[in-house]
S.K.: 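For reference, the structure I am asking about is given below.
From a predicted model like this one, the values you see are computed outputs, not experimental measurements. Keep in mind that the numbers below use all heavy atoms, side chains included, and drop hydrogens, waters and symmetry copies. Note on naming: letters A, B, ... go to the chains in the order of the sequence lines (proteins, then strands), and numbering restarts at 1 for each one.
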Number of protein chains: 2
Amino acid sequence: MVVTHLRSLQALELALRTGSLQAAAEVLWLTPAAVGQRIKALEEYLGVDLLVRGRSGLRPTAELSAALAHLRTAFEELDAAAALLNLQRGDQIHLAAMSDFVELWLRPRLRTFAAEHPQIQFCINGEGDAPLRIGDVDCEIRFGAEQPAVSESDLLFRDFVLPVASPENAHRLARLKPSERLEGFPLLHVDFYRDDREVPNWSDWAEAHGCRRTDPNRGIRFQRIQPALEAVGANAGVALCGLALSRESVERSELCFPFPVSTGRWSAHAFRADFRPKSVVRPQVKAFRQWLLAEATLTRDWLSRICGVSEQRPKPSRRKLSR
Amino acid sequence: MVVTHLRSLQALELALRTGSLQAAAEVLWLTPAAVGQRIKALEEYLGVDLLVRGRSGLRPTAELSAALAHLRTAFEELDAAAALLNLQRGDQIHLAAMSDFVELWLRPRLRTFAAEHPQIQFCINGEGDAPLRIGDVDCEIRFGAEQPAVSESDLLFRDFVLPVASPENAHRLARLKPSERLEGFPLLHVDFYRDDREVPNWSDWAEAHGCRRTDPNRGIRFQRIQPALEAVGANAGVALCGLALSRESVERSELCFPFPVSTGRWSAHAFRADFRPKSVVRPQVKAFRQWLLAEATLTRDWLSRICGVSEQRPKPSRRKLSR
DNA sequence: GTGGTGCCTAAAGATTATCTTTAGCATCTG
DNA sequence: CAGATGCTAAAGATAATCTTTAGGCACCAC
């Protein structure tokens, strides 16, 4: 009187709807083998074959076809109920990330991930496809020091900070002797890196590289990277800023280096992703994390190439990221 | 996009339909605690209460009530599909048992079990509520020796064999000296016990108890107990037959003992129930087994009282029979 | 043919989910 | 107030379920 093998029935219906065990497996976030097992378990229980596995898709057997219509509507109804209950929450990933990171780095790259996983919805800092659910962040991305207390913390990349300018300004500065370039030139201050012990402010930098400048700490201050870069682009001055989030601008030569790359410094802090342990078991989150680390590696490698000096590699906190 | 927590949703819907976790637990063949856990797991996943546990039944919360209609139809459809797939097989118990045992002992007693478990259907020797499925017997009941190879074999009870007669004949015989009672009196032979080394035939019995009788092995022979007892009841003669299946006849004095009970013998063989290992895990089968053993114990105890001599107790093959 | 690819299956072991058990608490009832 | 009834909590046991890895089979291109 009570239906058993609910998961088997679900796999069965989905396999027929999608046309293959593989496709069903993808939707169910399982391996194809698992889907086959689900179905086989039911077939063995009933002692009857339910699915004809042929080339060019799957077909229901005669025994099944009578019941198939009921199965379809049943799972349609369940989908409807699930939608009302917001049960598809599993497909939603909630991020909290600094807006610089989101706007400059994450959002442009996220398109590739979204293309591969159309059903996954994001809620980033409370906005996005997925509705906001307070206190329910799956992953927080920050720029800071290691926090040993946070178990599932991935180091994405450190930043590489050096003077940057617009092409015009860089060209203008290039005509001056390095030691004279800053004198009288407007300096932009990015407070984003203020707490990083390795990142110099203009005063430190000028002194370290024998560059003359009066009142090196005066000038416009920016809390965030993006407005600072915009100011740089608007020829407002030269900024001491990290490149990690600006690969595209650098590659399009919108952002230039008025001083040798060797005058730059790796940050002590790094962009890090902290995953909630409870979230990290979800296959959707696993997939996102895997993708995030892969993208971060690309950025890290690019940075290393740019600055000519390999960043000290972080000890990779190896964790199973498989499905 | 794919519904998770199917079992939780099932428990939820069922709890609301039946009005209590307990009732739902019974239908699901679970403990109430398990049903509560299922529902709670979903509530915790969603971060929302779904069920108001109040006195006088359960109520859905506002969050749930919108989805409830969909859940209902979903599980109705699943029930329909399950019916077509014969998925309710779990509620069917298939028995193979000697017809004597079925007709004389099991069938009258089975009413009490059926009353407690209305949803369970039986298929006994191919007949009954449940459709026949060959090669799919959950339990076989036989009269025979222990078979060590059969793991899940329960000893129900041994038989106690002694001369039995109808009230009339018993009364008639009582007027003769014990040693003369059989001479000229028709003897009925029950071949049911033929292979049992402990059960005497009339020849053995007559000799053992100093009872004169010419040609003690002649007379009508019966393969089964029931026809033999019917013949006894029809005053066809006196039979050497076991009592285990005949409690009701004895208690209604339809079956009498023309000789002292001390002339009876316990059978070496016993009525045994062999459960298929695969079946014995099913809660329905567990429930039946438990009931069967309890009923068997009643019969064994009654037999012991009747014959005044305690049967040697079988070593109880202790196995977990709990839900 | 021959090798490659896509898709399903098999077997094993690992990992979870799920259940039972036992105890506890609150509410209702006599 | 004692006793029932019904839900909940925590722990441990059990069983379902998944991943992994390997292998088979059909199809297809070369």
Side-chain angles (χ1 to χ4, degrees), chain A residues 2-12 14-16 18-45 49-59 90 277-278 280-284 286-287 290 319-323, chain B residues 2 4-12 14-16 18-45 49-59 61 90 277-287 290 319-323:
Chain A
V2 156
V3 181
T4 58
H5 296 82
L6 288 173
R7 298 179 136 120
S8 294
L9 291 168
Q10 183 184 40
L12 187 61
L14 200 56
L16 283 167
T18 59
S20 78
L21 301 198
Q22 295 229 130
E26 198 164 327
V27 179
L28 289 167
W29 291 98
L30 299 175
T31 59
V35 178
Q37 283 179 19
R38 278 192 180 184
I39 294 173
K40 192 137 93 62
L42 181 56
E43 289 179 326
E44 285 188 351
Y45 176 75
D49 276 2
L50 299 170
L51 219 50
V52 178
R53 284 91 158 165
R55 62 222 127 271
S56 74
L58 305 170
R59 285 189 313 109
K278 218 174 176 179
V280 87
V281 302
R282 281 162 46 201
Q284 294 92 332
K286 278 188 196 167
Q290 209 162 14
R319 302 208 141 253
K320 245 191 351 188
L321 283 176
S322 66
R323 305 179 75 180
Chain B
V2 156
T4 59
H5 296 80
L6 289 173
R7 298 180 134 118
S8 293
L9 291 169
Q10 182 184 40
L12 187 61
L14 200 56
L16 282 167
T18 59
S20 79
L21 302 198
Q22 298 231 126
E26 197 164 330
V27 178
L28 290 166
W29 290 98
L30 300 174
T31 58
V35 177
Q37 283 179 20
R38 279 191 180 186
I39 294 173
K40 191 137 92 65
L42 180 56
E43 288 179 326
E44 285 187 353
Y45 176 76
D49 276 1
L50 299 171
L51 220 50
V52 178
R53 285 89 158 164
R55 60 224 131 267
S56 73
L58 306 171
R59 283 188 317 109
T61 62
K278 218 174 177 181
S279 299
V280 86
V281 301
R282 282 163 46 202
Q284 295 91 332
V285 174
K286 278 189 197 167
Q290 208 162 15
R319 302 206 141 255
K320 246 193 348 186
L321 284 175
S322 67
R323 304 179 77 180

S.K.: Below 4.0 angstrom from OP1 or OP2 of C:dT20, is there any side-chain N or O of B:T31?
M.R.: yes
S.K.: Please list, by residue number, the residues of residues 4-11 of chain B whose heavy atoms come closer than 4.0 Å to an atom of DNA chain C; answer none if no residue qualifies.
M.R.: B:R7
S.K.: To the nearest angstrom, how far is B:W29 atom CH2 from D:dA16 atom C1'?
M.R.: 20 Å
S.K.: Answer yes or no: is there a side-chain heavy-atom contact under 4.5 Å between B:I39 and B:R53?
M.R.: yes
S.K.: Would you kindly give the CZ-to-C1' distance between B:R282 and D:dA15, to the nearest whole Å?
M.R.: 17 Å
S.K.: Distance check needed: D:dA16 P versus A:L30 CG, whole Å only.
M.R.: 18 Å
S.K.: Taking side-chain contact (heavy atoms from CB on, under 4.5 Å) as the definition, give me every residue that meets it alongside B:V281, ordered by chain and number, with sequence neighbours left out.
M.R.: none
S.K.: B:R38 and side chain to side chain contact (heavy atoms under 4.5 Å, CB included): which single residue from B:L28, B:L21, B:L12 fits?
M.R.: B:L28
S.K.: Return the polar atom pairs (N/O with N/O) between nucleotides 6-10 of chain C and the protein under 3.5 Å, or none.
M.R.:
residue: C:dC7; atom: OP2; partner: A:Q22; partner atom: NE2; Å: 3.2
residue: C:dC8; atom: OP1; partner: A:L21; partner atom: N; Å: 3.2
residue: C:dC8; atom: OP2; partner: A:Q22; partner atom: N; Å: 3.2
residue: C:dT9; atom: OP1; partner: A:R53; partner atom: NE; Å: 2.5
residue: C:dT9; atom: OP2; partner: A:R53; partner atom: NE; Å: 3.4

S.K.: For A:A33, give me all partners under side-chain contact (heavy atoms from CB on, under 4.5 Å), at least two apart in sequence or on another chain.
M.R.: A:T31
S.K.: Mind calculating the distance between CD (B:E43) and P (D:dA9) to the nearest angstrom?
M.R.: 10 Å
S.K.: Residues in side-chain contact (heavy atoms from CB on, under 4.5 Å) with A:A23, at least two apart?
M.R.: A:T18, A:S20
S.K.: Taking only residues two or more places apart in sequence, or in another chain, which ones meet A:R282 in a side chain to side chain donor-acceptor pair (under 3.5 Å)?
M.R.: A:D138
S.K.: Within this structure, what is the CD1-to-P distance between B:I39 and D:dG6, rounded to whole angstrom?
M.R.: 15 Å
S.K.: By side chain to side chain donor-acceptor pair (under 3.5 Å), which residues pair with B:Q22, not counting sequence neighbours?
M.R.: none
S.K.: Please report, rounded to the nearest Å, how far the P atom of C:dT20 is from the CD atom of B:E26.
M.R.: 13 Å
S.K.: Rounded to whole Å, how long is the line connecting atom CG of B:L28 with atom C1' of C:dT20?
M.R.: 15 Å
S.K.: Please name all residues satisfying side chain to side chain donor-acceptor pair (under 3.5 Å) with B:Q284, sequence neighbours left out, ordered by chain then number.
M.R.: B:D91
S.K.: Sequence neighbours left out, what passes side chain to side chain donor-acceptor pair (under 3.5 Å) with B:K40? Give chain and number order.
M.R.: B:E44
